[in-house]
Amino acid sequence: MTNILRESSFILPVVGNEGEDLECVHKVLRMHLSRYYGGYTGEQVFGGWLDDKGELFTDHSIRYTVAHLDTLFERNVMLDTAIKYGAMAGQKAIYVKLSNGNVIVAGCELESADLYELAA
């Protein structure tokens, strides 16, 4: 029997908020994704946003995409993973697209349990 998989992804910057290189976080993340999901796809992306003062900030990042069963459990695992590695990278929030199509900008300082209902 073939399992039908869906994709989830999240974006992690390559440089931290204070200009620090985040390669060590990415190396650990890549090993984790490979062990848990059997692999990942990484794409270089960039994006920007305005702060409260109207100043434009731009990040160069990597979008990590994995395939998994489209279950609530697996969506919550992805959300937890994104928040954990976003926090390790010193991010205030992280962009996550779940396999059910929901897009979440998750606060890295929040408990992921607060966000579980969004993964449903």
Side-chain angles (χ1 to χ4, degrees):
M1 185 169 120
T2 302
N3 290 319
I4 297 175
L5 304 177
R6 300 282 308 265
E7 291 182 342
S8 289
S9 64
F10 64 95
I11 298 172
L12 192 66
V14 296
V15 176
N17 295 337
E18 304 300 321
E20 68 277 17
D21 185 344
L22 298 175
E23 182 59 30
C24 62
V25 176
H26 286 270
K27 283 183 180 180
V28 174
L29 171 60
R30 291 171 185 152
M31 182 60 73
H32 170 77
L33 295 176
S34 295
R35 286 184 176 155
Y36 189 83
Y37 296 102
Y40 64 90
T41 298
E43 302 171 272
Q44 293 184 0
V45 298
F46 71 94
W49 70 96
L50 294 174
D51 70 3
D52 295 338
K53 298 175 185 173
E55 184 177 352
L56 177 63
F57 288 87
T58 302
D59 268 343
H60 291 273
S61 304
I62 298 176
R63 177 188 299 120
Y64 289 97
T65 303
V66 298
H68 59 82
L69 293 173
D70 188 25
T71 65
L72 179 58
F73 176 81
E74 290 298 336
R75 289 190 299 269
N76 284 330
V77 168
M78 172 51 69
L79 190 54
D80 281 344
T81 299
I83 291 169
K84 174 183 175 181
Y85 285 92
M88 287 174 63
Q91 300 302 294
K92 294 180 180 179
I94 191 161
Y95 179 98
V96 185
K97 183 174 182 183
L98 297 173
S99 58
N100 64 356
N102 287 351
V103 173
I104 301 168
V105 178
C108 293
E109 67 280 354
L110 297 176
E111 291 295 322
S112 59
D114 296 338
L115 300 169
Y116 281 166
E117 64 189 52
L118 297 173

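- Contact check for Glu74 versus Tyr36: side-chain heavy atoms found under the 4.5 Å cut-off.
- Leu56 and Val45 fall into different hydrophobic clusters, where Ile, Leu, Val, Met, Phe, Trp and Tyr side chains are chained together by heavy-atom contacts under 4.5 Å.
- When the options Val25, Leu22, Asp59, Ile62 are evaluated for a side chain to side chain contact (heavy atoms under 4.5 Å, CB included) with Leu12, the one that passes is Val25.
- Within a 6.0 Å radius of CD1 in Ile4, other residues, nucleotides and ligands contribute 12 heavy atoms or fewer.
- The two residues Ile83 and Gly107 make their nearest non-hydrogen contact at CG2-O, 4.3 Å.
- With a 4.5 Å cut-off on side-chain heavy atoms, Phe57 and Asn17 do not count as touching.
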Is there a side-chain contact (heavy atoms from CB on, under 4.5 Å) between Leu79 and Phe10? Walk through the geometry before answering. CA-CA 9 Å; Leu79 190 54; Phe10 64 95; over 6 Å; no
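- Counting only distance, with no hydrogens or angles, the side chain of Asn3 and the backbone of Leu69 share no donor-acceptor pair below 3.5 Å.
- Scanning all heavy atoms of the two residues, the minimum distance from Ser61 to Pro13 falls at OG-CA, 3.3 Å.
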Going through the checks in order, is the side-chain contact (heavy atoms from CB on, under 4.5 Å) test met by Tyr85 and Ile94? CA-CA 9 Å; Tyr85 285 92; Ile94 191 161; 5.9 Å; no
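- One hydrophobic cluster, built from ILVMFWY side chains closer than 4.5 Å, holds both Val103 and Ile11.
- Heavy atoms only, all atoms of each residue included: Ala82 and Val96 are closest at CB-CG2, 3.5 Å.
- Judged purely by distance below 3.5 Å, without hydrogens or angles, the side chains of His26 and Tyr64 pair a donor atom with an acceptor atom.
- Following chains of ILVMFWY side-chain contacts shorter than 4.5 Å, one cannot reach Phe46 starting from Tyr95, and the two form parts of different hydrophobic clusters.
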Evaluation steps, side-chain contact (heavy atoms from CB on, under 4.5 Å), between Arg75 and Ile104: CA-CA 12 Å; Arg75 289 190 299 269; Ile104 301 168; over 6 Å; no
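- Atoms OH and CE, from Tyr40 and Met31 in turn, are 9.0 Å apart once rounded to the nearest 0.5 Å.
- The NE2 atom of His68 sits 9.0 Å away from atom CD of Glu7, with the distance rounded to the nearest 0.5 Å.
- Glu55 places no side-chain N or O within donor-acceptor distance of the main-chain N or O of Lys53, the cut-off being under 3.5 Å.
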Yes or no on side-chain contact (heavy atoms from CB on, under 4.5 Å) for Asn100 and Leu72, after CA distance, side-chain angles and deciding distance? CA-CA 9 Å; Asn100 64 356; Leu72 179 58; over 6 Å; no
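- The closest donor-acceptor contact from the side chain of Ser8 to the backbone of Ser99 lies under 3.5 Å.
- When hydrophobic clusters are built by joining Ile, Leu, Val, Met, Phe, Trp and Tyr residues whose side-chain heavy atoms come closer than 4.5 Å, directly or via intermediates, Leu5 is not grouped with Met78.
- Under a 3.5 Å cut-off, the side chain of Glu23 and the backbone N or O of Asp21 do not form any donor-acceptor pair.
- Closest of all the heavy-atom pairs between Ala93 and Val105 is CB-CG1, 3.9 Å.
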